[in-house]
> 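After the structure tokens below, expect a handful of questions from me.
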Amino acid sequence: MTSFSDLGLSPKVLSAVTEAGYSEPTPIQAGAIPHALERRDVCGIAQTGTGKTASFVLPMLTLLERGRARARMPRTLILEPTRELAAQVAENFDKYGKNHKLNVALLIGGVSFEEQNRKLERGADVLICTPGRLLDHTERGKLLMTGVEILVIDEADRMLDMGFIPDIERIAKLIPFTRQTLFFSATMPPEIQKLADRFLQNPARIEVAPPSSTAATVEQKLVATGGKDYEKRASLRAIIDKQDDLKNAIIFCNRKKSVADLLRSLQRHDYPCGALHGDMDQHSRTTILQNFRDGKLPLLVASDVAARGLDIPDVSHVFNYDVPIHAEDYVHRIGRTGRAGRKGASFTLVTPKDAKFVDAIEKLIDRKIEYIDGDLSTVATEDEGEKPAARTRKGKSRKQENKPAEEKTEAARPAEAAKPAPAEKPTPSKKPANDDRRRSRRRDRDDDQTPVGFGDDIPAFMLVAAKA
Ligand code: ADP
Ligand code: MG
């Protein structure tokens, strides 16, 4: 059995690891840390909750012990897809770096520039950022990136997906080519891996399990339900009520609007819950998440903004109120429970229209998920005289893909956005599946203020003005 002291980490780092109470490295830590310390590029794939953060933070700390910070010249950069995740990694940095006098700057959207500027002026060794805010700082001339020696892209497949890739490419151009690059994720679709390889030079590839394996500690179940909102809500309440061992749960919806609707419904039924999605102001997001972490709020209804990376040890259950459209999201969502070897349980509501999404998930994770209390054949298929399979889920899928674009411009077109979704009509689709993925990815990127008008394509100079 490998021990932490075999990995080449510095004494300061080892002592922090001991204080964290870790007795031995996880497989991804044992695999990735020695390569990272040799200054090799790394592409690390391991299941959710298996210690990927320490796999890059610990070697980074060791490497940073050599050399000094210069004002406005950070030496390492960590990119994260959401503000909450960036903040969590910053906390990890403090924990593992408690014996180091390093200056860490957390650069995330939704909060003021002032404090971040002050940190930068004092000279940050480490930047932990969401991409949009990092670029805002570089555009204001507040930040020179030419001293960055190590670039970490966490949740790498998400960061290279359509919503983020333009920013990632711009950021990569600001950093010396001679940098060391470390990628980590639990999922890595083949088409994204190809893109990832453009950012990596002769990487050490550490795959603890096949990409997209779900954490072994999470029990997974499907729950067949009717497709009407009231039916789904009743099914959700029934399945929540059945859980004797429920301590804390995240309930995922596919859309921000569904998050808000479900929250209201659960509150009406006296379930203690809060919501988290990308259209909320940052103060509310932080408060709600903190209350959830502290156990003051047992149920969190969330969009996929909470799907990646969040490490809340107590989450006993994950419920998918909607089946995720992108199979990878399933792996990340249920990975919010069963972390660091703990047990967790996940339940996914499945309506007749979701069968194909479930198939895609089962294919991705390479295993069948069982139904409790009977499969879809036990659910009456309603209305419209069409067989559920024939109401092409393609049609539905398009709809859901299109919807987010509306959400994004909600502020610009409130009247339209408030309209209920039109009745479903299957629309023939010619676009490749990949396009779907891209479009939906664009929507739930949330590290910046809710885009208005130009959406993601708002020119940089206007962004600065709009946010000031
Ligand atoms: P991932 O990024 O792989 O999803 P995290 O880095 O968030 O996982 O770690 C998940 C949890 O495991 C954290 O609470 C962390 O403190 C804990 N952890 C990390 N490394 C170890 C270890 N070697 N032994 C025990 N617990 C660990
Ligand atoms: Mg992680």
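Whatever order the structure lists them in is the order used to number ligands and atoms, beginning at 1. Side-chain atoms are counted along with the backbone in the values below, which use heavy atoms only and exclude waters and symmetry mates. Worth saying up front: this structure is predicted, and the values here are computed from it rather than measured.
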> Between Ser213 and Ile365, is a side-chain contact (heavy atoms from CB on, under 4.5 Å) present by the stated rule, with each step listed?
CA-CA 5 Å; Ser213 305; Ile365 65 175; over 6 Å; no
> Does Tyr371 have Lys221 sitting over its ring (NZ/CZ under 6.0 Å from centre, angle to axis within 45°)?
no
> Any idea which protein heavy atom is nearest atom 12 (O) of ligand 1, and the distance to it?
Ala340 CB, 3.3 Å
> Counting each atom of ligand 1 from 1 as listed, which ones have a heavy atom of Thr50 under 4.0 Å away?
1 (P), 3 (O), 8 (O)
> For the side chain of Glu219 and the backbone of Ser346, is there at least one donor-acceptor N/O pair under 3.5 Å apart?
no
> Counting from 1, what ligand 1 atoms have a heavy atom of Thr48 closer than 4.0 Å?
4 (O)
> Look at atom 8 (O) of ligand 1 and say which protein heavy atom is nearest, naming residue and atom and giving the distance to 0.1 Å.
Gly51 N, 3.1 Å
> Which ligand 1 atoms, with their elements, are less than 4.0 angstrom from a heavy-atom of Phe4?
23 (N)
> Filter on side chain to side chain donor-acceptor pair (under 3.5 Å), then keep only pairs touching residues 4-17, sequence neighbours left out; what's left?
Ser3-Ser5, Ser10-Glu65, Ser15-Asn99
> Just by distance, with hydrogens left out, do Gln201 and Arg40 show a side-chain donor and acceptor under 3.5 Å apart?
no
> Which option, Asp311, Asn92, Ile312, owns the non-hydrogen atom nearest atom 10 (C) of ligand 1?
Asp311
> Is NZ or CZ of Arg140 both nearer than 6.0 Å to the six-membered ring centre of Phe113 and within 45° of the ring axis?
yes
> For the 3.5 Å polar cut-off, considering only N or O atoms, please tell me whether Gly309 and ligand 1 meet it.
no
> Could you check which of Tyr96, Phe56, Tyr22 puts a non-hydrogen atom nearest to atom 16 (O) of ligand 1?
Tyr22
> What do you reckon, does Ser23 have a nitrogen or oxygen under 3.5 Å from a nitrogen or oxygen of ligand 1?
no
> Pairs of nitrogen or oxygen atoms closer than 3.5 Å, one from Ala54 and one from ligand 1: do any exist?
no
> Looking at CD of Gln220 and OG1 of Thr337, how far apart are the two atoms once the value is rounded to the nearest 0.5 Å?
11.0 Å
> May I ask you to decide if Gly335's main-chain N or O and Arg339's side chain share a donor-acceptor pair within less than 3.5 Å?
yes
> Heavy-atom distances under 4.0 Å decide this one: backbone, side chain, both or neither, for Lys95 against ligand 1?
side chain
> Classify the ring geometry of Phe56 against Phe184: parallel below 30°, tilted from 30° to 60°, perpendicular beyond 60°.
tilted
> Please check if any side-chain donor atom of Asn103 sits under 3.5 Å from a side-chain acceptor atom of Arg122, or the reverse.
no
> Could you list which atoms of ligand 1 come closer than 4.0 Å to a heavy atom of Arg339?
1 (P), 4 (O), 5 (P), 7 (O), 8 (O), 10 (C)
> Kindly identify the option in Arg336, Lys52, Gln29, Glu24 whose heavy atom sits closest to atom 2 (O) of ligand 1.
Lys52
> At a non-hydrogen distance cut-off of under 4.0 Å, which region of Gln47 contacts ligand 1 (side chain, backbone, both, or neither)?
backbone
> For atom 1 (P) of ligand 1, state which one of Gly21, Gly49, Ala20 supplies the nearest heavy atom.
Gly49
> State the atoms of ligand 1, each with its element, that fall below the 4.0 Å cut-off from a heavy-atom position in Thr53.
2 (O), 5 (P), 6 (O), 7 (O)
